[in-house]
Amino acid sequence: MEIFLKFICLDIQELKTSTWFVIFMRFKAFVYVTLKSGYSDPEGETTANALTGLGYNVVSVRSSKAYEVIFEASDESNAEYLINEMCRRLLTNPTKDDYRIELSEL
Amino acid sequence: MKRQDIRVLLMRAPGTNCDLEALRAFRDLEVTAELIHSQKLFKTKNLDDYNIIFFPGGFSYGDYVRSGAIWAKEMEYRIGKELKAFVEKGKPVIGVCNGFQVLVETGFLPAFNGKSIEPEAALGNNTHGYQCRWIRMKKVNKGNCRMLSEIREGTIIQNPVAHGEGRFILPPTNLVKLLEKLYENDQVVFKYCKEDGSPANEDWPINPNGALDDIAGICNPEGNVLGLMPHPERAYYGHLMPTWTSTGLKKYGDGYQFFESIIKYTEKNF
């Protein structure tokens with residue numbers, strides 16, 4: 001486990017009276033983003049057609065995206081919270097996307 | 001406010017397009033329009049100098065992650081406060097195509113309860129993939145979107161669309177309630193329609209992307225933030241319209257009234 005020490009001070013006054021050390025750990029998250037069921041997926045449909053054309057008995061293809069995110073957090077629960085927030089704010093649009101996370105400590 | 005004192009900010013980012021067409025349309029209306037790269041604006045942060053902000057179409061940041069997502073989040077952490085203050089002053093903010101996607105991703109649209117942190121709607125994959133065609137849309141707004149008050153309700157406008165992700169959708173878990181709210185607040189501005197103005201009923205290609213209830217453009221509850229998928233700047237001049245050879249050449253096309261209305265509204269109210 002790689003441990004990172006980071007020095008955090010809230011303001012100049014805090015710096016004078018106390019010092020805080022927070023241990024940060026590094027995490028790796030695989031985020032799989034898929035379209036919610038029922039939404040059209042032209043990329044998946046076109047790919048299915050091409051695979052069928054190549055002679056495979058393909059029933060359907062749904063396209064998805066995967067991200068590998070390496071980030072720092074104070075502990076595992078903090079890491080889970082942060083990666084979920086990242087998903088809701090940027091990696092997915094909650095209106096149309098579902099996501100699944102595989103989180104591991106580095 | 002005199003027309004020549006109106007200052008329009010056209011934002012540009014890597015991958016935007018039709019910004020020059022929009023610039024030309026605004027300049028033709030004799031206002032001061034400036035095309036500025038968003039990176040430059042992130043340093044100066046001087047949105048107060050402007051009366052109108054226009055987000056053009058295109059594929060900002062190569063549509064990475066999702067259409068408009070990266071530009072929207074960059075805007076949020078670089079000039080989020082300034083942009084929010086601009087909107088709260090009631091000044092017009094317009095997003096066309098990718099600009100509409102950016103306004104949805106930043107949470108300025110539909111903004112049922114003010115600007116949201118997470119997007120409350122989405123402009124998802126078109127049902128028939130990338131669509132580049134002329135469509136008709138009808139103005140259905142009853143007056144909430146005051147910047148378009150010069151365009152009569154029921155007016156049919158012919159404009160081109162060119163996008164792969166423009167299908168307006170709301171969260172499926174709360175769809176009926178949110179759609180009702182959108183109409184209650186008079187936030188629906190344009191709907192795709194047939195030549196006679198009758199509803200497209202989500203039929204392709206009249207509704208080119210399968211948008212929910214044929215919605216082509218919406219505004220926020222206050223009416224000063226407007227987003228639409230079709231490109232009025234590409235139909236500004238008469239010679240850009242697809243029918244001018246049969247109907248005769250006029251100086252201006254259907255997109256003219258869109259820009260003229262926004263400028264007239266700003267002239268009267270600021």
Side-chain angles (χ1 to χ4, degrees), chain A residues 27-54 58-73 78-103, chain B residues 61 63-77 80 101-107 109-110 112 115-131 163-175 178-179 182 202 204 207-212 215 218:
Chain A
F27 290 88
K28 180 158 85 176
F30 279 105
V31 180
Y32 300 95
V33 183
T34 51
L35 282 167
K36 282 185 195 290
S37 60
Y39 283 123
S40 68
D41 179 13
E43 187 180 346
E45 286 164 24
T46 311
T47 311
N49 288 341
L51 288 171
T52 306
L54 288 170
V58 172
V59 178
S60 74
V61 175
R62 293 287 284 175
S63 65
S64 64
K65 274 191 173 187
Y67 300 92
E68 183 186 315
V69 186
I70 294 172
F71 64 107
E72 291 169 3
N78 181 232
E80 264 180 43
Y81 174 81
L82 290 174
I83 192 67
N84 273 292
E85 198 176 62
M86 287 183 224
C87 286
R88 288 197 312 273
R89 291 189 68 186
L90 178 61
L91 300 179
T92 73
N93 182 324
T95 302
K96 66 179 180 72
D97 297 322
D98 281 330
Y99 66 90
R100 181 168 59 83
I101 297 164
E102 283 172 14
L103 186 67
Chain B
Y61 292 93
D63 278 353
Y64 292 159
V65 179
R66 267 184 323 283
S67 299
I70 298 287
W71 199 19
K73 298 303 161 184
E74 192 181 39
M75 211 108 64
E76 194 175 302
Y77 68 78
Q101 292 157 343
V102 168
L103 290 173
V104 168
E105 289 289 339
T106 46
L109 286 175
F112 291 115
K115 183 188 172 305
S116 59
I117 296 170
E118 297 162 18
E120 291 176 318
L123 290 155
N125 285 333
N126 293 352
T127 42
H128 287 71
Y130 186 86
Q131 293 291 300
H163 57 254
E165 292 182 19
R167 183 188 187 189
F168 181 78
I169 40 181
L170 290 164
T173 46
N174 217 358
L175 195 144
L178 290 175
L179 190 60
L182 208 62
E202 298 184 17
W204 181 84
N207 175 341
N209 50 35
L212 173 71
I215 293 173
I218 60 164

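Throughout, a chain's letter reflects where its sequence line sits, starting with A, and its residues are numbered from 1.
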Chain A contact via Glu120(B) - side chain, backbone, both or neither, heavy atoms under 4.5 Å: backbone
Heavy-atom pair count under 4.5 Å with chain A, highest-scoring of Gly107(B), Ala69(B), Ala72(B), Pro172(B): Pro172(B)
Heavy-atom pair with the smallest gap, counting every atom of Phe112(B) and Leu178(B): CE1-CD2, 3.7 Å
Side-chain donor-acceptor pair present, Asp97(A), Tyr39(A), cut-off under 3.5 Å: no
Lys115(B) (side chain) donor-acceptor with Thr106(B) (main chain) under 3.5 angstrom: yes
Derivation and outcome, side-chain contact (heavy atoms from CB on, under 4.5 Å), residues Leu123(B) and Ser67(B): CA-CA 8 Å; Leu123(B) 290 155; Ser67(B) 299; over 6 Å; no
Structural part of Ile169(B) lying under 4.5 Å from a heavy atom of chain A: both
For Val61(A) against Asp41(A), the heavy-atom pair lying closest together: O-OD2, 4.0 Å
Among Pro42(A), Pro94(A), Gly38(A), residue most engaged with chain B (heavy-atom pairs, under 4.5 Å): Pro42(A)
Between Ala121(B), Gly124(B), Gly164(B), the one whose heavy-atom pairs under 4.5 Å with chain A are most numerous: Ala121(B)
Over all atoms of both residues, closest heavy-atom pair of Ala79(A) and Leu103(A): CB-CD2, 4.0 Å
Which of Lys36(A), Glu45(A), Lys96(A) touches chain B most, by non-hydrogen pairs under 4.5 Å: Lys96(A)
Leading residue by heavy atom contact count with chain A [cutoff under 4.5 Å; candidates Glu118(B), Glu76(B), Lys73(B)]: Glu118(B)
Between Leu35(A), Leu91(A), Leu90(A), the one whose heavy-atom pairs under 4.5 Å with chain B are most numerous: Leu90(A)
Which atoms of Asn126(B) approach chain A - backbone, side chain, both or neither, heavy atom under 4.5 Å: backbone
Thr47(A) side chain to Glu43(A) backbone, donor-acceptor under 3.5 Å: yes
